[in-house]
Amino acid sequence: MKNIVILISGGGSNMVAIVKRAQREAWSDKFGARVAAVIGNKADAKGLQFARDHGIVTEVLDHRSFTSREAFDDALAQVIDRYENLSHPVLVVLAGFMRILSPGFVNRYGGRLLNIHPSLLPAFAGLHTHQRAIDAGCKVAGATVHLVTAELDHGPILAQAVVPILQGDTPETLAARVLTQEHLIYPSAIADYLRGELRRS
Ligand code: GRF
């Protein structure tokens, strides 16, 4: 069985969408894959309870107890690698994981580390994306699922969704509109990724 490990920092609504889709579409039968663990870098990350309630193992690794980014990333990799098995490398899914990852970590999981960013990349990488899109007078915004590379919010694009920016939008109203699309494209992009892997094997 191929293990998917999801990393979260907060609400975890993307993780919930992925777990629900994996169950509804029986990814274990279809792709031989399952969400094996959800890891949070904050003990109070809301999504952890949802994962536990759905029988998924959860782990908490608080970045504040580490003296450097690299030390935290090394410990994180050790936890993730527990879900590795011989025939199937683990798939690492960042879902609202609010940490910049070190190059060592990114290289280690190269090609199997996915992220979602709430903008139409390469536009508005980084923070405050919704405010910046509104300030720039954009008529549309959106979300992007991409493979993670060493450069923040860059890397090959796997899926995108577009939403309108409406008169009077605030960062909050726009974020909510974008988030509903994230919940659709992230599970679909992961399913496509798993389908592609199956085809190649
Ligand atoms: C999402 O908009 C995600 O793209 C961004 O942070 C938000 C997290 O949402 N990185 P959630 O934790 O999945 O609810």
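Predicted model only: the values in this text are computed from it and were never measured. Every number for a ligand or one of its atoms is a count from 1 in the order of the listing. Count residues from 1 along the sequence.
In this pair, H63 and F72 present their aromatic rings perpendicular. The plane angle is above 60°, beyond the 30 to 60° band.
We find that D192 and R195 are joined by a salt bridge, their nearest charged nitrogen and carboxylate oxygen being less than 4.0 Å apart.
Other residues, nucleotides and ligands contribute at most 12 non-hydrogen atoms within 6.0 Å of the NZ atom of K20.
The shortest side-chain heavy-atom distance between Y109 and D81 falls under the 4.5 Å cut-off.
Ordered by chain and residue number, the residues placing a heavy atom less than 4.0 Å from ligand 1 are G11, G12, S13, N14, G96, I116, P118, L179, E182.
Listed by chain and residue number, nothing satisfies the salt bridge (Lys or Arg N to Asp or Glu O under 4.0 Å) test with D73 (two or more places apart in sequence, or in another chain).
Both L91 and V38 sit in one connected hydrophobic cluster of ILVMFWY residues. Membership requires side-chain heavy atoms under 4.5 Å apart, directly or through other members.
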